[in-house]
Amino acid sequence: MDLNGKVALITGAGSGIGKASAILFASAGASVGVLSRTEDEIRKTAEEITAAGGKAIPLVADVADSEAVKRAVDRLVQEYGRLDIIFANAGINGVWAPIDELTPEEWDRTININLRGTYLTLHHAVPHLKTAGGGSVLVTASINGTRVFSNAGATAYSCTKAAQVAMVQMLALELAKHRIRVNAICPGMIDTAIQDNTQSRNTEKAEEAAEYPDGEIPLTRGKPGSSADVAELALFLASDRSKHITGTPVWIDGAESLLIG
């Protein structure tokens with residue numbers, strides 16, 4: 001899994017899956033642009049990488065802001081001269097509520113960060129992969145909206161995740177002639193801080209009663225996966241070890257979605 005000479009852009013790299021992937025990519029030899037809208041957080045990620053002997057620069061941007069994303073991508077390419085890997089990982093759970101109580105503003109915020117943010121990241125970064133003669137694009141989707149539809153009130157979130165997989169499969173065909181691979185990572189329950197930006201409201205009104213066997217994650221007897229687990233998958237998909245894989249959603253959930261879908 002050698003990324004020597006490669007340059008990667010990772011969004012949502014201030015914590016969780018993004019941070020773990022940035023650290024792992026840098027340890028594999030990549031120069032990494034670590035992007036987040038939280039400056040203190042993203043600087044800590046970059047400093048941790050450079051302290052370990054890797055190469056990283058912090059990029060501060062809201063992924064829903066086109067001009068901010070463009071400036072960040074341009075700065076990364078100016079710093080390292082190329083771009084080979086895009087990991088569109090930034091996202092939020094947003095508000096989970098019954099559809100008739102979810103406000104248009106709440107809907108728009110989730111769509112803007114998760115879906116518009118993915119589009120803008122690829123829109124501004126893909127031309128540099130074309131210039132480089134190829135590369136790898138990764139998108140963090142979810143089991144929600146792709147295999148699981150039973151999380152009450154998660155309509156906005158699930159719609160963005162389903163759309164991300166559709167985007168990946170469309171772009172896998174569109175970009176194949178440029179030798180750019182595009183794949184989706186679909187995590188289940190992972191031990192990250194994403195729950196901190198989740199607001200649930202009256203979700204019991206949208207619930208459908210169901211009974212599941214004991215242990216919602218069969219492979220680990222209920223224990224969630226880790227950001228490091230997902231980072232290992234991201235490294236494989238970013239590297240030439242996966243050179244014939246494109247247009248593929250990969251579920252990383254310990255069989256959770258097969259049980260509760």
| message | If you apply the rule side chain to side chain contact (heavy atoms under 4.5 Å, CB included), what do you find for Val148 with Glu256, and how did you get there? | response | CA-CA 9 Å; Val148 173; Glu256 175 187 0; over 6 Å; no

| Going by atom types alone, do Glu106 and Thr103 pair a side-chain donor with an acceptor below 3.5 Å? | yes

| field | Glu232 side chain vs Ser227 backbone, donor-acceptor pair below 3.5 Å | value | no

| remark: So NZ of Lys130 and CD1 of Ile180: to nearest 0.5 Å the spacing works out to 6.5 Å

| request: Take Phe236 and Ile245 through the test side chain to side chain contact (heavy atoms under 4.5 Å, CB included) and record every step on the way to the result. | output: CA-CA 10 Å; Phe236 169 70; Ile245 300 174; 3.8 Å; yes

| query | Is there a donor-acceptor contact under 3.5 Å from the side chain of Ser242 to the main chain of Ser239? | reply | yes

| query | Does the side chain of Arg181 come under 3.5 Å of the side chain of Thr246 through a donor N or O and an acceptor N or O? | reply | no

| request: Look up atom OG in Ser15 and atom NZ in Lys44, then write down how far apart they are to the nearest 0.5 Å. | output: 11.0 Å

| query | Is any NZ, NE, NH1 or NH2 atom of the basic residue among Arg109 and Glu105 found under 4.0 Å from an Asp or Glu carboxylate oxygen of the other? | reply | no

| field | Donor-acceptor under 3.5 Å (Asn114 side chain, Ile92 main chain) | value | yes

| Which pair of heavy atoms, one from Ile10 and one from Ala13, lies closest together, and at what distance? | O-CB, 3.5 Å

| query | Side chains of Thr155 and Trp96: do they bring a donor and an acceptor to under 3.5 Å? | reply | no

Could you list the donor-acceptor pairs under 3.5 angstrom formed between side-chain atoms of residues 52-67 and any protein atom two or more places apart in sequence or on another chain?
residue: Asp62; atom: OD1; partner: Ala64; partner atom: N; Å: 2.9
residue: Asp65; atom: OD1; partner: Glu67; partner atom: N; Å: 3.2
residue: Asp65; atom: OD1; partner: Ala68; partner atom: N; Å: 3.2
residue: Ser66; atom: OG; partner: His124; partner atom: NE2; Å: 2.9

| task | For the residue pair Phe87 and Phe25, categorise the inter-ring angle as parallel (less than 30°), tilted (30 to 60°) or perpendicular (more than 60°). | result | parallel

| message | Restricting to non-hydrogen atoms, name the atom on Val34 and the atom on Ile42 that form the minimum distance, rounded to 0.1 Å. | response | O-CG1, 3.0 Å

| Within the side chain of Asn112, is there an N or O that forms a donor-acceptor pair under 3.5 Å with the backbone of Asp108? | yes

| said: When you compare the side chain of Trp107 with that of Cys159, does any pair of heavy atoms fall below 4.5 Å? | reply: yes

| said: Please find the pair of heavy atoms, one from Ile190 and one from Ser226, that lie closest to each other, and give the distance. | reply: CG2-C, 3.6 Å

| Can you name the nearest heavy-atom pair linking Thr140 to Lys161, along with the distance? | O-NZ, 3.1 Å

| Nearest heavy atoms of Ala20 and Ala228, plus distance in Å | CB-N, 4.2 Å

| said: Rounded to the nearest 0.5 Å, what separates atom OG1 in Thr110 from atom CZ in Arg116? | reply: 14.5 Å

| Note, Pro249 side chain near Gln169 side chain (heavy atom, < 4.5 Å) | yes

| field | Glu48 with Lys19: basic N within carboxylate O range, under 4.0 Å | value | yes

| Flag, side chain of Thr11 to backbone of Ala90, donor-acceptor distance under 3.5 Å | yes

